[in-house]
Number of protein chains: 2
Amino acid sequence: MSSTNVTNIKALKQACKTCGLRDLCLPLGVATEDLSLLEGIISRKRPLQRRDVIYQAGDPLTCLYAVRTGSVKTFVLTNDGEEQVTGFHLPGELLGLDAINDGTHPCTALALETASVCEIPFHLLEELAGRTPRLQHQLLRIMSREIQTDEHLMTLLGHRASDARLAAFLLNLSRRFGMRGFSRHEFNLTMSRCEIGNYLGLAVETVSRMLSRFQDQGLIQVQRKFIIILDVDGLREIAGVHGHESRQSEQVSGS
Amino acid sequence: MSSTNVTNIKALKQACKTCGLRDLCLPLGVATEDLSLLEGIISRKRPLQRRDVIYQAGDPLTCLYAVRTGSVKTFVLTNDGEEQVTGFHLPGELLGLDAINDGTHPCTALALETASVCEIPFHLLEELAGRTPRLQHQLLRIMSREIQTDEHLMTLLGHRASDARLAAFLLNLSRRFGMRGFSRHEFNLTMSRCEIGNYLGLAVETVSRMLSRFQDQGLIQVQRKFIIILDVDGLREIAGVHGHESRQSEQVSGS
DNA sequence: CGTAGGATTGAAGCCGCTCAACCAAAGTGG
DNA sequence: CCACTTTGGTTGAGCGGCTTCAATCCTACG
C-alpha cells in the first residue's frame, strides 16, 4: 500500500527528541539544541525481518546501530566454524562498538525477530562528539558500560554454576525489559534455548533442565518462550546477588 | 639519597614524546603539537610496591591510569567476599575505563610487582579529547579494544576446555610481551597460579597440572614463574587458533 | 495431516573440582 | 646461621556437575 510507503519515507529521518528510548540511548544528557544535530546524522533503516543481518563479521565499520524495536543477537564464528553468541541487544542499545578498534566488525549482528535500527555513520558521530561534550561523554559512558557488562559476564562464566548463570540471565533480561517500559515479570524470550546456552557457556539440555527446575521450585513459570517470574528474590539468591540489583548496569539518571 | 629525589621530581611530569610505549598507549596517532597538551595533564605517580593499591572498588573515578612499568591486576569482590580477577595489565595499557559509566570504580587495581603508572585526570582528558580529534579517536579505539578483548575472553570461558584456556593465555601474554620489546619466548609470570586460575575460571590445581602437561608434551618449559615457550604452533593448535595470531588484539599501526 | 526444528527428559561418561598430603622457596626470629 | 613458619606450587584420589548421546515430545507451519 502506498500509505505505508509514505510512512516509511517520513520515518527515515528519526527524531531522537520524541523517541521513548531517549534516556537509554545516545541522546541521554545531550542538550535539546544539540539533539537536532544528532538527529541530522541518524537515519532509521527500514524494519528488519527475523534473521536479517545488520552487519557481518569482517565488514568495514561504517555505522553504529541503535536498536529501536525488537531484539538482536551478535556472535562470532570460531575457526572451526561454530557460532559463539556474544550478546543479546534490546531497544536503546548500541551495536558495533567493538569494531572501532580496527575499523572492522569482529562479529555479526542478526535480528532475532522483526526489528528496526537507527543507523549512525561513525565518522560523523565522532566528529559531532568532538563538538558536543555531552555527546562525547555519553558515548564514553556507553562504551564503559559495555566493558562493565562484559566483565560481569566473565565472572559469571568463570565462576558460577549453571543455575546461577541462568538465574542471572533471567534477572538481567527482566531488568532490561523493565527499563524499557515492559513488564519485569512476564516476557518472551526472543532467543532459542540453544542460543541462551551458547551465550552462557552451557549445553542446551542444561538450560532446559534448569528452566524446568526453576519452575518446579516455583521460581518461574515457563510456557515455551513465554516466561513469568514468580519469585525474584529466590532467583536473586540463586544468582548470588544479595543486596543490590542483578548488575549488568544501565543508567537512567543523567550524568 | 638526594639524587633520587631530584630524579623523582624531574620525572613527575611525564614526557609522552620520549616514552617507549607511545605507540601502545593514548598518544598513538596524536600529532606532536597536541602531545604537549596531553603531557600537560598527565603526571607520573611514584613507583608502586608489590600489592600497592592503585584504586579500590567503590572509589570515585578521578583519574585513569596508564601502566608504565611492571604489571597490574584488576579484580572485583563478589558479595560472598571472594576475589574475581578481571584482567592483567602490562605497560601501555589503560586502567579504569570501566569506571566511566557511573563514575565509580567497579574493581580494584593492584600492583603485581614493583610498578609505576601515569595518572590522567579523567575530566581533563575528556575535555582535551573534545578539542583533539586524534586523541578522542584513540580513546574510543582503546575502549573498543577492551570490549573486543573481553568478548574474546568470554568465548574462551564459555566454550573452551582448560587446556585451550591456558594455551590461549600463554600465547596472549607472549604477544603482549613481544609488542613491548620483551622476548616472546621467555618471560616471567608476575601473577600466581591461583590468580591465573581465577582469571581463567579454573582451579589452581588444574592450572598447575596443565602447565606440567604442556611441559611433558614439550610445548613449554616451566621453572616456577619463568616460562619458556618451545612450540608456539603446538600451543596455537591447542588454543584452537589456526590461521591468525591468538587474538586479544592490540594495534601498533596508526588509525 | 505430516514434517521439521526446537525443546524436554533420561542415562552414561568424563572433565575439572574438591580434599588432602607433600614439597620447595622465602622469610622470620632466636 | 639455622629451626620454624608461611606462602605458593605440585601431585594424587575420589566425587559430582555438566556434557554427550539418544529417544521422545511438542508446536509451528507447510
Side-chain angles (χ1 to χ4, degrees), chain A residues 49-51 73 80 82-85 110 112-114 155-170 188-217 220-227 238-240, chain B residues 49-51 73 80 82-85 88 110 112-114 155-170 188-217 220-227 238 240:
Chain A
Q49 296 306 312
R50 177 174 158 80
R51 281 174 220 219
K73 77 164 174 180
D80 47 333
E82 85 174 291
E83 178 176 316
Q84 303 194 325
V85 176
L110 186 139
L112 285 168
E113 58 184 326
T114 309
T155 69
L156 212 61
L157 293 177
H159 296 269
R160 314 310 312 268
S162 60
D163 55 349
R165 295 187 203 183
L166 197 61
F169 176 73
L170 292 175
N188 268 295
L189 299 175
T190 56
M191 65 296 286
S192 69
R193 305 285 195 269
C194 187
E195 288 164 327
I196 296 173
N198 189 307
Y199 178 64
L200 294 177
L202 300 171
V204 203
E205 294 93 331
T206 308
V207 174
S208 192
R209 273 185 257 271
M210 283 302 143
L211 286 176
S212 301
R213 207 179 81 185
F214 288 171
Q215 181 163 242
D216 293 346
Q217 295 172 334
I220 63 174
Q221 200 170 318
V222 191
Q223 283 157 24
R224 199 151 180 79
K225 302 245 171 208
F226 186 65
I227 302 282
I238 290 175
Chain B
Q49 297 304 314
R50 178 173 157 79
R51 283 176 218 212
K73 78 163 173 180
D80 46 334
E82 85 176 291
E83 178 176 315
Q84 304 193 323
V85 177
F88 301 111
L110 186 141
L112 285 169
E113 58 184 326
T114 309
T155 68
L156 211 62
L157 293 177
H159 296 269
R160 314 310 310 271
S162 60
D163 56 349
R165 294 188 203 182
L166 196 60
F169 177 73
L170 292 175
N188 268 295
L189 299 175
T190 57
M191 65 296 284
S192 70
R193 306 285 195 270
C194 186
E195 288 164 327
I196 295 173
N198 190 307
Y199 179 63
L200 295 177
L202 300 173
V204 202
E205 296 92 331
T206 307
V207 174
S208 191
R209 273 185 256 271
M210 284 300 145
L211 286 177
S212 301
R213 207 178 83 187
F214 287 171
Q215 181 163 243
D216 294 346
Q217 295 172 332
I220 63 174
Q221 200 171 315
V222 191
Q223 283 156 20
R224 201 155 177 75
K225 301 243 170 209
F226 187 64
I227 302 281
I238 291 175

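Proteins come first, then strands; the chains are lettered A, B, ... in the order of their sequence lines, and each starts at number 1.
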Length of the [atom1]-[atom2] vector between [X] and [N], whole Å:
X: A:R160; N: D:dC18; atom1: CZ; atom2: P; answer: 12 Å
X: A:L200; N: D:dG17; atom1: CG; atom2: P; answer: 19 Å
X: A:E113; N: D:dA28; atom1: CD; atom2: P; answer: 16 Å
X: B:Q215; N: D:dT11; atom1: CD; atom2: P; answer: 9 Å
X: A:F226; N: D:dT27; atom1: CZ; atom2: P; answer: 15 Å
X: A:D216; N: C:dT9; atom1: CG; atom2: P; answer: 8 Å
X: A:M191; N: C:dA7; atom1: CE; atom2: C1'; answer: 16 Å
X: A:N188; N: C:dG6; atom1: CG; atom2: P; answer: 17 Å

Practice task
Specify the residue among A:D163 and A:R224 whose closest nucleotide of DNA chain D lies further upstream toward the 5′ end.
Solution key: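 Checking each residue's closest nucleotide, the 5'-ward one belongs to A:D163.
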Exercise for the section: Give the C-alpha distance, both sets of side-chain angles, the deciding distance and a yes or no for salt bridge (Lys or Arg N to Asp or Glu O under 4.0 Å) between B:E83 and B:K73. Expected result: CA-CA 11 Å; B:E83 178 176 315; B:K73 78 163 173 180; 2.5 Å; yes
Which is true for [X] with a 4.0 Å heavy-atom rule: it touches a base, it touches only sugar-phosphate, or it touches nothing?
X: B:S162; value: sugar-phosphate
X: B:R51; value: sugar-phosphate
X: A:G197; value: nothing

Is a donor-acceptor pair below 3.5 Å formed from side chain [X] to base [N], judging by atom type as modelled?
X: B:R165; N: C:dG16; answer: no
X: A:R193; N: C:dT9; answer: no
X: B:R209; N: D:dG9; answer: no

Problem - Short side-chain N/O contact to D:dG8 OP1/OP2 from B:K225, under 4.0 Å - result: no
Exercise for the section: Compare side-chain N and O positions of B:T206 against OP1 and OP2 of C:dC17 and report whether any pair is under 4.0 Å apart. Expected result: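 Yes, B:T206 has a side-chain N/O under 4.0 Å of OP1/OP2 on C:dC17.
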Nearest to the side chain of [X] - [options]?
X: A:L202; options: C:dA7, D:dT11, D:dT19; value: D:dT19
X: A:A161; options: D:dC18, C:dC17, D:dT11; value: D:dC18
X: A:E205; options: D:dC21, D:dT11, C:dC17; value: D:dC21
X: B:S212; options: D:dC18, C:dG16, D:dT10; value: D:dT10

Problem - Pair A:L211-A:R193, side-chain contact (heavy atoms from CB on, under 4.5 Å): steps then yes or no - result: CA-CA 10 Å; A:L211 286 176; A:R193 305 285 195 269; 3.3 Å; yes
Considering non-hydrogen atoms only, spot the tightest contact between [X] and [Y] and give its length.
X: B:L157; Y: B:Y199; answer: CD2-O, 4.0 Å
X: A:M210; Y: A:S162; answer: CE-OG, 3.3 Å
X: B:E195; Y: B:F88; answer: O-CZ, 3.6 Å

Problem - Backbone of A:L112 reached by a side-chain donor or acceptor of A:R50 within 3.5 Å - result: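 Yes; judged by distance alone, with no hydrogens or angles, the pair exists.
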